[in-house]
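Computed from heavy atoms alone, side chains included, the values below leave out hydrogens, waters and symmetry copies.
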Amino acid sequence: MEMKTNEMKRDIPFNFTTKTTIKKWGNSQGIRLSKEILSQMNLKENDTIGISIYDGKMTIEKFNKPKYLNLQERLESFYNKSIDNIYVESTQKVDVGDPKGREIW
């Protein structure tokens, strides 16, 4: 059975060590990730990553945050229930007062 290169990269554990330099980036510091690292981690521009620091070691992981199309999907995912089964304390409107600037109500 023949596997594509990308499939092999995900199925076979891969150890990779490299050096890079911390560089100034605006008022911050940054590191560059090589194409090889991005490929092995299945990362692309604008992906979200998580950085953990434990016992003096830094770990960078792809952060797979769920994407929701709307508030209903987000609530259903958060409560792990359908929207009809989520308890709502009150549906009463609350008076928040008059606008205090250029708000449009």
Check: T59 and I51 side chains under 4.5 Å, non-hydrogen atoms: no
Approximate separation, where rounding is to 0.5 Å, of K81 NZ and L75 CG: 12.0 Å
Spacing of R74 atom CZ and N70 atom CG [to the nearest 0.5 Å]: 10.0 Å
Contacts of K62 that satisfy salt bridge (charged side-chain N to carboxylate O under 4.0 Å, His left out) - sequence neighbours left out: D47
Flag side-chain contact, heavy atom, 4.5 Å: E61 against F63: no
Backbone of I83 reached by a side-chain donor or acceptor of E76 within 3.5 Å: yes
Partner set under side chain to side chain contact (heavy atoms under 4.5 Å, CB included) for D84, not counting sequence neighbours: S82
Euclidean distance, T20 OG1 relative to I22 CD1, rounded to 0.5 Å: 8.5 Å
Pairwise distance OG(S34) to CD(Q40) - rounded to 0.5 angstrom: 9.5 Å
Side chain to side chain, K24 and Q29, heavy atoms closer than 4.5 Å: yes
Set of residues satisfying side chain to side chain contact (heavy atoms under 4.5 Å, CB included) with respect to L33, sequence neighbours excluded: I31, I37, L38
hydrophobic_cluster_shared for W25 and I60, side chain cutoff 4.5 Å: no
Spatial distance of atom OH (Y79) from atom CG (N85) [nearest 0.5 Å]: 13.0 Å
